[in-house]
Amino acid sequence: MQVYEEWIKRHLPSGIPEEIVQSALHFGAYYQKGLTVMSYGERGGADKVIYEAEDERDLCLWQFEQVCDSIASAWELANRNQNSEKWRWRRERAENGRWLYRERRDYIYNAIEDTRLAQFEFFLRLMQPVLAAERWEELVRRYVRLMNRWYKRDHWDFDRQALRFIEISDSREYASDCDDTEEPQPEQVIKFI
C-alpha cells in the first residue's frame, strides 16, 4: 500500500516518539486497489473494502486519520496511570457482585474511568490543523456522540476553541443497554477523598 509517510510526518506535531509514529504508519493489514483500501479476508473469506477515496488527497487524509488514531491510542495507554486520578468517581472494591466507589471532592472530569476522553481529545487536536473546517466538525460530532453513548442525556460537548471535552450536564453514565440505572448509585459511594 502506498503510504504518504513524509506528508503525514510533516503534519504531526513534534514530541511524538518516533517508535509510536513508525508503528502507526504500518498498514500491514491493508492493501490498495487504485484509490480503494482493502482488507484481506479473514480465514479465507472475501476481502473487504475499508475505504473508497475520492482522490489522492482524500486517501492521504484517511491515512493521516488512521495514524492519528493509532498515536492517540498509544499515547493514552502510556499516560493512563497519570490520567486516572482525574476522574470524579473511582472504583474502590466490589461487594456482593456490585462495585463500590469513592468520590473526589475536587475533580476535573465527572466520569467513571472513561479513558477515551484523553485519547479522543488528543486525536481531535492532531486532526484539527489538517482537515477542512466542515470535515473536522463532522469528526468532532462523531466523537461527541461516542462520548455520550452511555448517558441518558448528553453529558459531554467539545470546546472547539480550547480543543477539549467539557461537561454540559450532571448526568452520570448508565449501567448497560439492559439496565439504564445511572452509575454510581448513591448507596454505592462509600468514601469521599
With a 4.5 Å cut-off on side-chain heavy atoms, are Glu95 and Arg93 touching?
yes

Tell me whether Trp136 is reachable from Phe122 by hopping between hydrophobic residues (I, L, V, M, F, W, Y) whose side-chain heavy atoms are closer than 4.5 Å.
yes

Under a side-chain separation threshold of 4.5 Å, the hydrophobic residues clustered together with Ile166 are Ile168

Over 12 foreign heavy atoms within 6.0 Å of NZ, Lys9
yes

Is there side-chain contact between Leu131 and Glu137, with at least one heavy-atom pair below 4.5 Å?
no

Please walk me through it: do Gln66 and Phe27 pass side chain to side chain contact (heavy atoms under 4.5 Å, CB included)?
CA-CA 9 Å; Gln66 304 313 301; Phe27 288 91; 3.8 Å; yes

Report yes if the side chains of Glu167 and Trp156 come closer than 4.5 Å at any heavy-atom pair, otherwise no.
yes

Considering non-hydrogen atoms only, spot the tightest contact between Cys60 and Trp7 and give its length.
SG-CE3, 3.2 Å

Taking all non-hydrogen atoms of both residues into account, name the closest pair between Val67 and Ala24 and its distance.
CG2-O, 3.5 Å

Interatomic spacing from OH in Tyr143 to CE in Met147 - rounded to 0.5 Å:
12.0 Å

CG of Asp69 to CZ of Phe120, rounded to nearest 0.5 Å, is 8.0 Å

State the OH-OG distance between Tyr151 and Ser169, to the nearest 0.5 angstrom.
8.0 Å

Could you state the interatomic distance from CZ (Arg141) to CZ (Arg145), rounded to the nearest 0.5 Å?
8.5 Å

Tell me whether Ile16 is reachable from Leu25 by hopping between hydrophobic residues (I, L, V, M, F, W, Y) whose side-chain heavy atoms are closer than 4.5 Å.
yes

Without swapping roles, check the side chain of Glu121 against the backbone of Phe165 for a donor-acceptor pair under 3.5 Å.
yes

Roughly how far apart are Phe123 CZ and Ile71 CD1, rounded to 0.5 Å?
10.5 Å

Sorted by chain and number, sequence neighbours left out, side-chain hydrogen bond (donor to acceptor under 3.5 Å, both in side chains) with Arg149 holds for Tyr174, Asp177

Using the rule that two of Ile, Leu, Val, Met, Phe, Trp, Tyr join whenever any of their side-chain heavy atoms come within less than 4.5 Å, decide whether Trp62 and Tyr40 are in one cluster.
no

Sort out for me which residue in Gln128, Met127, Arg160 forms a side chain to side chain contact (heavy atoms under 4.5 Å, CB included) with Val140.
Arg160

According to side chain to side chain donor-acceptor pair (under 3.5 Å), does anything in residues 43-57 pair up with another residue at least two apart or in another chain? List the pairs.
Tyr4-Glu56, Tyr31-Asp47, Tyr51-Asp58

Taking the side chain as C-beta and beyond, is there a heavy-atom pair between Val130 and Cys68 under 4.5 Å?
no

Do you reckon Met38 sits in the same ILVMFWY cluster as Val3, going by side-chain contacts under 4.5 Å, direct or chained?
no

Any sub-3.5 Å donor-acceptor pair from His155's side-chain atoms to Asn148's backbone N or O?
no

For the side chain of Gln32 and the backbone of Gly34, is there at least one donor-acceptor N/O pair under 3.5 Å apart?
yes

With heavy-atom distances below 4.5 Å as the criterion, would you say the side chains of His11 and Pro129 are in contact?
no

When rounded to the nearest 0.5 angstrom, what distance separates CZ in Arg164 from CG in Asp157?
11.5 Å

Using modelled atom types and a 3.5 Å cut-off, is there a donor and acceptor pairing between side-chain atoms of Gln63 and backbone atoms of Gln2?
yes

